[in-house]
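To find a chain, count down the sequence lines: A is the first, B the second, and so on, and within it residues start at 1. Everything numeric in this text was worked out from a predicted model, so none of it was measured. The figures that follow rest on heavy atoms only: side chains count, while hydrogens, waters and symmetry mates do not.
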Amino acid sequence: MSNHGHDPARVHAHGSTGQYVTGYLISLVLTIIPLLFVLTHSLSRTGLVVTIMVTAVLQFFVQLFLFMHIRQKQDGGPHWHGMGMVLGVVIALTIVGGSIWVMSFNEQVQ
Amino acid sequence: MEYRLASSKGHAEHHNPGPINQLGFWLFLISDCLLFASIFACYAILNTHTDGGQGAKELFDVPIFVTETFLLLTSSFTSGLAMLALQKGKKAALLNWLVITAILGAGFIGLEVSEFANLVADGATISRSAFLTSFFTLVGTHGCHVTFGLIWMITLMVQIKKRGINAKTTNKVGLFSLYWHFLDAIWIFIFSVVYLMGVM
């Protein structure tokens, strides 16, 4: 623990080639799946929206976990950036969801 | 502060600014996430407000935005490979992967600029409708981030070429790769919400 400052490689020690290749392949598949459904119109409108959002969120997790190594803690300290990201996502969802919800009353007040 | 004390026993910061810099950079990414959430909210509300002009379905070109997506996704992957080369201390491989990442990123920006130019030539300017205002703001903000990333990448390549792999450049490349992966994560939602839902 005491000599970690002398070893720059420890900054990001958890990535491996396998992890990046896996992440890349999963991302490709998760990009192609909604694209094919949209181009072939093989689902209802709601079905398409659900498929697009589910694959997008899954791919977001691939980036966070396999590429950005969000689970990797720095030298045993509290997991600040993981907690921050959870808070950030909660606020982001509140901004987007709340705005759409509030503005859905637009027709009623005009 | 507590974070640094807990993590380094108040000693290592002279040699390696890594952990506290990383935490600070994560906080920047999270706040950037909120910036994008706000303009996504605008787009989600305004995307139907076309003022009688052309909508997403008429304007967006499937091959172009799909190519953009694959370019950025692949560049996110190659920036990860640059990180691996860095960890192994391979300077030449690190520089090569950074060059490939930069070329892919430049390809993405080139396509986006030509896409915007075509839209404007079509009369779909930023002031045409609320839909187009929110579209150009959202996609343009992401494009500005990518452009900044390209400039950052070039300065990193110059530094690594001159000074080699040391604690400082290692830390900088680590932060850069986080930034680049983050931009791809944001693009996933632009691809899904703006383009895929636009043309479906």
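No more than 12 heavy-atom neighbours from other residues, nucleotides or ligands sit within 6.0 angstrom of CZ on F61(A). The neighbour count for K90(B) NZ, taken as heavy atoms of other residues, nucleotides or ligands under 6.0 Å away, does not exceed 12.
Per-residue heavy-atom pair counts under 4.5 Å with chain A were compared for S31(B), C33(B), S76(B), and the maximum is reached by S76(B). Between chain A and the options T169(B), T74(B), V66(B), L27(B), heavy-atom pairs under 4.5 Å are most frequent for T74(B). In terms of non-hydrogen atom pairs under 4.5 Å with chain B, the most contact-rich of I52(A), V96(A), T17(A) is I52(A). Chain B forms more heavy-atom pairs under 4.5 Å with one residue of L66(A), V57(A), V38(A), T94(A) than with any other, namely V38(A). For the set V62(A), L30(A), L64(A), I100(A), the count of heavy-atom pairs under 4.5 angstrom toward chain B peaks at I100(A).
Under the 4.5 Å side-chain heavy-atom criterion for grouping Ile, Leu, Val, Met, Phe, Trp and Tyr, L35(B) is not connected to W152(B) through any hydrophobic cluster. Linking Ile, Leu, Val, Met, Phe, Trp and Tyr whenever their side-chain heavy atoms come within less than 4.5 Å leaves I91(A) and W26(B) in two separate clusters. A continuous path of ILVMFWY side-chain contacts below 4.5 Å connects L58(A) to V50(A), so both sit in one hydrophobic cluster. Both F116(B) and F108(B) sit in one connected hydrophobic cluster of ILVMFWY residues. Membership requires side-chain heavy atoms under 4.5 Å apart, directly or through other members. Under the 4.5 Å side-chain contact rule for hydrophobic residues, V86(A) and L93(A) do not share a cluster.
Within the 4.5 angstrom heavy-atom criterion, atoms from both the backbone and the side chain of S38(B) approach chain A. In this structure, chain B has no heavy atom under 4.5 Å from any part of L87(A). Residue V89(A) does not touch chain B at all, counting heavy-atom pairs closer than 4.5 Å. Only the side chain of I45(B) comes within contact range of chain A, with heavy atoms under 4.5 Å apart. Contacts of I32(A) with chain B are made by side-chain atoms alone, with heavy-atom separations under 4.5 Å and no backbone atom involved.
Using a 4.5 Å heavy-atom cut-off against chain A, the contacting residues of residues 180-200 of chain B are H181(B), F182(B), D184(B), A185(B), I188(B), F189(B), F191(B), S192(B), V193(B), L196(B), M197(B), V199(B), M200(B).
Scanning both residues, M85(A) and I30(B), for their nearest heavy atoms gives N-CD1, 3.4 Å. Heavy-atom minimum distance, G88(A) versus L34(B): O-CD2, 3.5 Å.
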For this session: Test side chain to side chain contact (heavy atoms under 4.5 Å, CB included) on F70(B) and L28(A) and set out the steps.
Result: CA-CA 8 Å; F70(B) 285 125; L28(A) 283 177; 3.5 Å; yes
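Looking only at side-chain heavy atoms (C-beta outward), F77(B) and Y20(A) come within less than 4.5 Å of each other. Two residues are said to be in side-chain contact when any heavy atoms from C-beta on lie closer than 4.5 Å; I95(A) and F40(B) fail this criterion. A 4.5 Å side-chain heavy-atom check between L29(B) and H81(A) finds every atom pair outside the cut-off.
We find the OG-CZ distance between S177(B) and F67(A) to be 10.5 Å, quoted to the nearest 0.5 Å. Considering OG of S99(A) and CG of L46(B), their distance stands at 10.5 Å, rounded to 0.5 Å. Atom CD of residue Q72(A) and atom CD of residue Q22(B) lie 7.5 Å apart, to the nearest 0.5 angstrom. Distance check, rounded to the nearest 0.5 Å: CG of L73(B) to CD of Q59(A) gives 6.0 Å.
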